[in-house]
Amino acid sequence: MLKLLKRMRSKEVLMCLICAVFLLGQIYFDLKLPDYMSELTVLIQTPGSEMADIWKTGFSMLLCTLASAVLCVACGYLSAKAASGFTYWVGEDLFKHVIGLGQQEMLSFSVPSLITRTTNDITQIQMMIVMGLQALIKSPVMAVWAIIKILGKSWELSAVTAGFVVAICLSVAIIVSTVLPRFRIVQKLTDKINRIARENLTGINVVHAFNAEDYQNQKFDKTNTQMKNTQLKNQRTFAAMQPIMGLGMNGLSLCIFWLGAVLIAGIPAADTAARLTMFSEVVVFSTYATYVVMSFMMLVMIFMMLPAAQVSAERINQVLDTHASIEEGVKTDGKEIGTVEFKNVTFRYPGAAEDDLIDVDFKVNKGETLAIIGATGSGKTTLISLIARFYDATKGEVLVDGVNVKEYSFDGLYNKLGYVTQKAVLFSGTIEDNITFGESQQETTDADIQQAISLAQASEFVSKLEGGSKYQIAQGGRNVSGGQKQRLSIARALARKAEILIFDDSFSALDYRTDASLRAGLNETLTDTTKIIVAQRISTIRHANQILVLDEGRIVGKGRHEDLMKNCSVYREIAMSQFSESELA
């Protein structure tokens, strides 16, 4: 928790310091009240006291109460301001850090867990600061201050108060040490519930189509019940705190008054002044002792929240302390233009038992079209992910424009690439927002947007939408079809005017006519742009300058369509499964 609080900005620190000063003032005024109460008691019990003196003392008590109330409101405002400001910056830092992590780190945490850490865990920290800042400062200071005030009054009463305080502290320590491990379990179960709910909502159509509602409900109920039972154990344990505090406060008051009565009874009846003084001390002592116990009760409330906040802070720090395994280079320009080369590249996913790519070697030059084909799981997507540096090669070198991708800055590398992922992804916003998404080396004009839409064969349906390119896309592109989503994703890559275009099975949702029209447009318009196409259809890649055939991570065929039909059995099998001999001829 302290490690996370070190990230607090100077503005929030200043607010906390001012809040601490106000709290000290509030404690001062609160602890002045028992002194006035003692004075008022003496005035009332002393014969011949002036009414003006009683009114004066009462007015002083009222002023102390008002001053304490004003300072309390000011502290509440400042603590809320500091908490919201701090969690705002922590949330922003956490989100930016997560965005900068690589695929390897994202998989190690899991997406549902990262969502929980950036939402629920941040909220836990905010609640802790809002409610805990005042209590953590006020409670110990008030307790110590009150103890100092009562120490010189009666050692018997002081001993009784100390005994109750020790018993309360031991009880709280036992309860907190019991509950803390369970809160870690609760946070992990929160991640799990988030994952199950996210899976269910994302795949709701599949759930309905296969009548799997009961199965999904049971899966959710199992985790939810486990979390409920763990939380019940925590709350039942915490439930013991309130009666312990109540027993401590009331028992302490009873003991003080009983012991005070004994002490007063021990004073000779003739010594009225001494008896009155002792009675006054007992009243004041009882008030101060109540303040001590109340301080510990406030700390108990914090201890009920502290375990959850501590676990949340650890989870947030765990993400912030994780650094991307892929380090950024410094170069922005290459030795060549539009070239991609693999030099004996081997790659294995972290934790995998076998290599996913083995000794891959090829080069594609400026303006050429490289096609990659192979069976499912042969390593096609893995190969092109090394170009975009989602992962680094285990062995060998991946060169873009004659320079190892590890030497490029991220901006320098991605400015050269236009990447269309295997799964088309759209963000909420207009079509225009999606096409101009992100930063590009060159400014994107309205003419560029229209050209990209036209080249991606999306003009036909975009022109029919309300507002055209200003049409609002729903989250995840739910209000457009799969083929429309894919064409808009292609338009987004084309609008970047990149040297190298990478299409990861990006034509799979297109019909043959649209596929052919799109490829023809690319070849006619983007003659100087290097194109790398991953595809399953022979018709999509048969006119490529170079075709790579992958099988279990190895290149088993390399060349043009005609050559591969003669020399590569794997390619020929794929072709024969899609076309007859007469169609291929």
Side-chain angles (χ1 to χ4, degrees), residues 102-104 107 324-410 412-414 416-417 419 422 498-505 530-535 541 544-561 563-564 566-571 574:
Q103 294 286 333
Q104 181 177 342
L107 292 174
S325 56
I326 297 177
E327 297 181 357
E328 187 175 10
V330 295
K331 291 187 176 180
T332 57
D333 296 315
K335 302 174 183 177
E336 304 168 355
I337 297 176
T339 63
V340 176
E341 184 177 5
F342 276 51
K343 289 185 175 180
N344 303 315
V345 171
T346 296
F347 174 74
R348 177 180 297 187
Y349 283 104
E354 298 179 353
D355 293 331
D356 203 68
L357 292 176
I358 303 168
D359 200 25
V360 174
D361 193 274
F362 68 88
K363 182 175 183 179
V364 55
N365 296 312
K366 176 183 178 181
E368 292 183 348
T369 299
L370 172 72
I372 305 171
I373 195 169
T376 302
S378 59
K380 304 184 295 298
T381 298
T382 302
L383 187 150
I384 60 171
S385 69
L386 297 182
I387 302 173
R389 213 185 168 203
F390 297 150
Y391 297 94
D392 278 337
T394 307
K395 295 179 183 178
E397 288 185 299
V398 180
L399 308 179
V400 171
D401 289 354
V403 175
N404 194 314
V405 291
K406 296 179 181 179
E407 299 178 24
Y408 281 112
S409 66
F410 293 141
L413 176 61
Y414 295 131
K416 296 177 181 295
L417 305 178
Y419 194 97
Q422 190 170 17
E499 297 175 12
I500 302 162
L501 288 174
I502 302 174
F503 301 96
D504 184 6
D505 201 11
T530 304
K531 295 167 280 292
I532 299 176
I533 301 174
V534 173
I541 66 170
N545 301 103
Q546 185 179 183
I547 301 173
L548 300 181
V549 184
L550 291 182
D551 187 38
E552 296 184 353
R554 297 180 183 272
I555 295 179
V556 295
K558 183 191 300 185
R560 297 182 69 88
H561 168 75
D563 300 327
L564 291 172
K566 296 176 184 178
N567 305 323
C568 182
S569 59
V570 175
Y571 184 81
I574 295 172

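- For V360 against L383, the heavy-atom pair with the smallest separation is CG1-CD1, 3.8 Å.
- Remark: I502 CD1 to I384 CD1 distance equals 6.0 Å, nearest 0.5 Å.
- Atom CZ of R348 sits in a crowded spot, with more than 12 heavy atoms from other residues, nucleotides or ligands closer than 6.0 Å.
- Atom-to-atom distance recorded for I541:CD1 and I574:CD1 is 7.5 Å, nearest 0.5 angstrom.
- Nearest approach of D504 to Y419, heavy atoms of both residues: OD2-OH, 4.2 Å.
- Within a 6.0 Å sphere centred on CD1 of I337, other residues, nucleotides and ligands contribute 12 heavy atoms or fewer.
- Between the side chains of D355 and T346, no donor-acceptor pair is found at a separation under 3.5 Å.
- Put simply, NE2 on H561 and CG on N545 are 14.5 Å apart, with the number rounded to the nearest 0.5 Å.
- Judged by distance alone, with hydrogens and angles left aside, the side-chain atoms of K363 form no donor-acceptor pair with the main-chain N or O of L399 at under 3.5 Å.
- Counting only heavy atoms from C-beta outward, the side chains of T530 and T339 never approach each other to under 4.5 Å.
- Taking each heavy atom of L417 and A388 in turn, the nearest pair found is CD1-CA, 3.9 Å.
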L386 vs L357, side-chain contact (heavy atoms from CB on, under 4.5 Å): CA-CA, chis, key distance, verdict:
CA-CA 11 Å; L386 297 182; L357 292 176; 3.8 Å; yes
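- The closest donor-acceptor contact from the side chain of Y571 to the backbone of I547 lies at 3.5 Å or more, if one exists at all.
- The shortest side-chain heavy-atom distance between I372 and I533 does not fall under the 4.5 Å cut-off.
- Nearest heavy-atom pair, V556 versus C568, reported as atom, atom and distance to 0.1 Å: O-SG, 3.8 Å.
- When all heavy atoms are compared, the tightest approach of G102 to A324 is N-CB, 4.2 Å.
- For the side chain to side chain donor-acceptor pair (under 3.5 Å) condition, the pairs that include at least one residue of residues 390-399, sequence neighbours left out, are R389-D392, E397-N404.
- Inter-residue side-chain proximity for F410 and I326 is flagged as met; some heavy-atom pair is nearer than 4.5 Å.
- Summarising the geometry, atom OG belonging to S378 is positioned 11.0 Å from atom CG belonging to L548; distances are rounded to the nearest 0.5 Å.
- Residue A393 comes nearest to V398 through the heavy atom pair CB-CG2, 4.4 Å, listed as atom of the first residue, atom of the second, then distance.
- Each of K366, K331, K416 was evaluated against D401; a single residue qualifies, K416, per the side chain to side chain donor-acceptor pair (under 3.5 Å) test.
- Taking CD of Q546 as the reference point, atom CZ of F362 lies at 7.5 Å (rounded to 0.5 Å).
- The line from CG of L413 to CD of E407 is 11.5 Å long, rounded to the nearest 0.5 Å.
- Annotation for E552: atom CD does not count as buried by contact number, only 12 or fewer foreign heavy atoms lying within 6.0 Å.
- Salt bridge absent: K380 and D505 never bring a charged side-chain N and a carboxylate O closer than 4.0 Å.
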